[in-house]
Protein chains: 2
Amino acid sequence: MADVTQRILALLAMLQTGRAFSGDELVARLDVSPRTLRRDIDRLRAYGYPVTTQPGPGGHYRLTAGTALPPLVLDDDEAIATLLGLATLSATGRAAEGSVDEAAARAYGKVDQYLPKRLRHRAGQLRASLETSTTLAPSISADVLVSLADAMQRRHVVTFDYVGKDGSATSRRVHPYRHVHHNLRWYLLAWDTHKSDWRVFRIDRITGLQTSTSTYTPRPLPTDTALDYLRQGLDKDRERVVLTIDAPLPAVADAFTYQEAELVPLSDQRTRAVLKLDTWHWLLLNLAFLDADFTVHEPSGFRTALRAFGARLMDRE
Amino acid sequence: MADVTQRILALLAMLQTGRAFSGDELVARLDVSPRTLRRDIDRLRAYGYPVTTQPGPGGHYRLTAGTALPPLVLDDDEAIATLLGLATLSATGRAAEGSVDEAAARAYGKVDQYLPKRLRHRAGQLRASLETSTTLAPSISADVLVSLADAMQRRHVVTFDYVGKDGSATSRRVHPYRHVHHNLRWYLLAWDTHKSDWRVFRIDRITGLQTSTSTYTPRPLPTDTALDYLRQGLDKDRERVVLTIDAPLPAVADAFTYQEAELVPLSDQRTRAVLKLDTWHWLLLNLAFLDADFTVHEPSGFRTALRAFGARLMDRE
DNA sequence: GATGTTGCGGTCAGAATATGGCCACATCTG
DNA sequence: CAGATGTGGCCATATTCTGACCGCAACATC
């Protein structure tokens with residue numbers, strides 16, 4: 001056979017039936033020498049196909065993936081969920097080479113083969129019916145995730161360059177503890193050896209990751225979960241904002257749906273709101289969507305900034 | 001790349017995702033010359049894979065559906081992506097019984113068994129290292145998705161009750177065409193037989209789904225993709241906004257990162273921005289984070305509303 | 001334990017195939 | 001129409017593949 005790739009695909013097609021084939025049979029089918037067949041088998045193994053053999057009388061080659069799969073382990077819903085998880089993950093990011101979303105896109109097209117036969121038809125139907133919109137979020141490297149997970153389990157210290165918000169990179173040497181996924185971003189909770197304190201890093205900003213051989217003694221996590229710590233970190237730079245709004249509580253609650261604000265009715269038409277914000281900017285949408293007068297009691301810096309922005313808005317024309 | 005077959009399998013894995021790839025992208029990914037890529041594409045076509053192309057701007061290669069593919073093995077990254085897809089999907093929703101996210105959570109604990117032995121250790125490591133935060137989004141039923149997909153393939157008419165924004169339910173009889181995932185929500189694009197027009201439904205608001213035995217004759221989709229139709233629906237109420245900002249283009253691009261704005265530099269310190277918004281409120285954050293003067297040329301309604309809001313901000317105290 | 005039948009992997013000379021660069025051309029979009 | 005994409009022929013060179021040969025390993029049967 002003149003074309004290697006075609007022959008490999010033909011060999012795969014035969015083996016994927018799950019049947020056992022003797023070397024002689026495959027040699028005849030593929031029209032190659034026994035030695036070449038053995039090379040082809042080696043090649044498939046190198047690609048990750050688990051071809052098993054038995055020498056001696058009745059010897060044969062067989063592709064074990066089909067028979068090794070546990071049947072009925074994933075129920076229908078779980079199989080569908082696997083597919084959907086990959087579909088949505090593959091649409092979250094920019095498909096950068098080596099990224100998790102890129103790998104998800106590839107797996108999305110392959111995962112059928114790991115499903116029981118009766119579910120494959122359904123998976124095909126679902127795939128044909130489905131479209132996902134791209135969500136712009138930072139891509140992360142699968143390699144980095146896996147390396148960090150390994151370092152965590154073995155308690156290995158890692159070093160990396162970390163690109164901050166201003167674009168400058170600093171070298172870090174840390175004890176990694178947890179990965180956290182929050183709001184489409186992946187974070188690493190780690191103990192920073194230079195700062196002698198806990199730090200949270202965005203994984204998409206980590207470059208040049210190196211795992212060292214030195215190990216660290218685990219210390220208790222700063223909070224019950226890494227997610228709690230991440231949330232605390234987000235709260236650290238927030239100020240307590242107190243404002244009064246000339247609107248009834250339900251209307252205010254609606255405007256503050258996406259923020260954890262404490263709301264107290266002062267009257268039928270007036271509500272007091274207390275919340276934490278790191279910057280006055282985030283108040284704008286709440287106040288804009290509320291067609292009501294309001295007073296910012298504190299902090300005074302917010303009040304000043306809002307007034308300055310108001311002046312900017314009015315200076316047009 | 002040293003091994004042709006492996007490269008062909010990699011090319012197949014990329015193309016089978018159904019996505020369009022430009023020649024440059026495939027060249028970069030496969031690390032071959034453009035000429036070699038074209039030969040590879042020819043090779044795939046010779047094997048019977050229907051690769052379609054489009055020359056000219058936005059030109060690309062795409063594998064059209066419907067072809068039986070050789071069994072493709074999940075590589076390391078893809079296996080990790082499968083796990084991560086399930087982790088993030090299981091955290092998206094309220095884990096209602098019968099929902100996709102609940103099924104994802106169950107599958108998350110089982111998927112190791114589909115991985116080659118060498119990857120199981122890694123999957124366990126990664127799982128142990130990972131936390132995901134719950135994203136509040138509507139849960140959808142896996143059964144509904146699957147039933148709809150089946151109805152789409154067989155061209156069966158379906159009926160269901162649809163709960164609108166005001167909480168009232170209406171009966172619908174539709175020809176289903178596509179599922180769309182957009183901004184954490186799942187939608188159904190269908191032809192509404194009562195309205196004799198296309199409609200988009202949120203799947204979490206569908207109850208009492210019944211598939212009937214009557215079939216429908218397919219009609220052309222209203223747009224190239226269902227996603228385009230969904231976006232058009234979202235765009236319908238959007239106005240073209242034109243503004244000039246006294247800031248350099250990079251600063252403006254940064255402020256408008258999350259919006260599809262067309263930016264044109266008018267000078268070193270002045271930039272023109274054109275974008276579509278359904279309401280002026282969404283301009284506030286862009287303008288607030290940009291510490292620069294600006295002029296809203298159109299629409300005049302936005303200009304008036306922004307000035308009124310500015311007055312509101314200044315009337316405090 | 002001996003025998004026969006299978007699969008295994010290294011080596012070699014010659015044959016076959018693949019590659020990138022170059023080019024003129026076709027097709028599509030704005 | 002200009003620019004950006006895909007197309008396919010040609011060529012010299014580099015790379016890979018092949019069958020034959022060989023000694024060996026693993027298995028089932030007698």
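So you know, we letter chains A, B, ... as the sequences are listed, proteins then strands, and number each from 1. Being a predicted model, the structure only gives us computed values, none of them experimental.
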Between [X] ([atom1]) and [N] ([atom2]), how many Å, whole number?
X	N	atom1	atom2	result
Asp40(B)	dT19(C)	CG	P	6 Å
Asp42(A)	dT16(D)	CG	C1'	16 Å
His60(B)	dT7(D)	NE2	C1'	16 Å
Asp3(A)	dC17(D)	CG	P	11 Å
Tyr61(B)	dG8(D)	OH	P	9 Å
Arg7(A)	dA16(C)	CZ	C1'	12 Å
Leu30(B)	dA18(C)	CG	C1'	15 Å
Ile41(B)	dA18(C)	CD1	P	15 Å

When you measure from the side chain of [X] to the backbone N and O of [Y], does any donor-acceptor pair fall under 3.5 Å?
X	Y	answer
Arg303(B)	Val296(B)	yes
Ser129(A)	Ala149(B)	no
Tyr108(A)	Thr82(B)	no

Sugar-phosphate only, base, or nothing, as touched by Gly59(B) at under 4.0 Å among non-hydrogen atoms: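 Since only primed, P, OP1 and OP2 atoms lie under 4.0 Å of Gly59(B), the category is sugar-phosphate.
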
Kindly say if Thr36(A) contacts the phosphate of dG19(D), meaning a side-chain N or O under 4.0 Å from OP1 or OP2.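 Yes, because at least one side-chain N or O of Thr36(A) sits under 4.0 Å from OP1 or OP2 of dG19(D).
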
State whether Thr53(B) places a side-chain N or O below 4.0 Å from either non-bridging phosphate oxygen (OP1 or OP2) of dT7(D).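 Yes.
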
Do [X] and [N] share a donor-acceptor pair, side chain to base, under 3.5 Å?
X	N	value
Arg35(A)	dG10(C)	yes
Arg39(A)	dG19(D)	yes
Arg38(B)	dG6(D)	no

Check whether any side-chain heavy atom of Val174(B) sits under 4.5 Å from a side-chain heavy atom of Phe201(B), and report yes or no.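 Of all side-chain heavy-atom pairs linking Phe201(B) with Val174(B), at least one is under 4.5 Å.
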
Using the closest heavy atom to pick a nucleotide of DNA chain C for each, name whichever of Phe21(A) or Thr5(A) lands nearer the 5' end.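 Of the two residues, Phe21(A) wins.
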
Of Arg45(A) and Pro57(A), the one whose closest DNA chain C nucleotide lies more 5':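 Its nearest nucleotide lies further toward 5', so the answer is Pro57(A).
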
Among the nucleotides dT29(C), dG6(D), dG8(D), which one has an atom lying closest to any side-chain atom of Gln54(B)?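 Nearest nucleotide to the side chain: dT29(C).
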
Rounded at 0.5 Å granularity, tell me how far CD in Gln6(B) sits from OG1 in Thr5(A).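 Interatomic distance, Gln6(B) CD to Thr5(A) OG1, rounded to 0.5 Å: 11.0 Å.
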
Considering heavy-atom distances to DNA chain D, does Gly56(A) or Pro34(A) have its closest nucleotide positioned more toward the 5' end?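 This one resolves to Pro34(A).
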
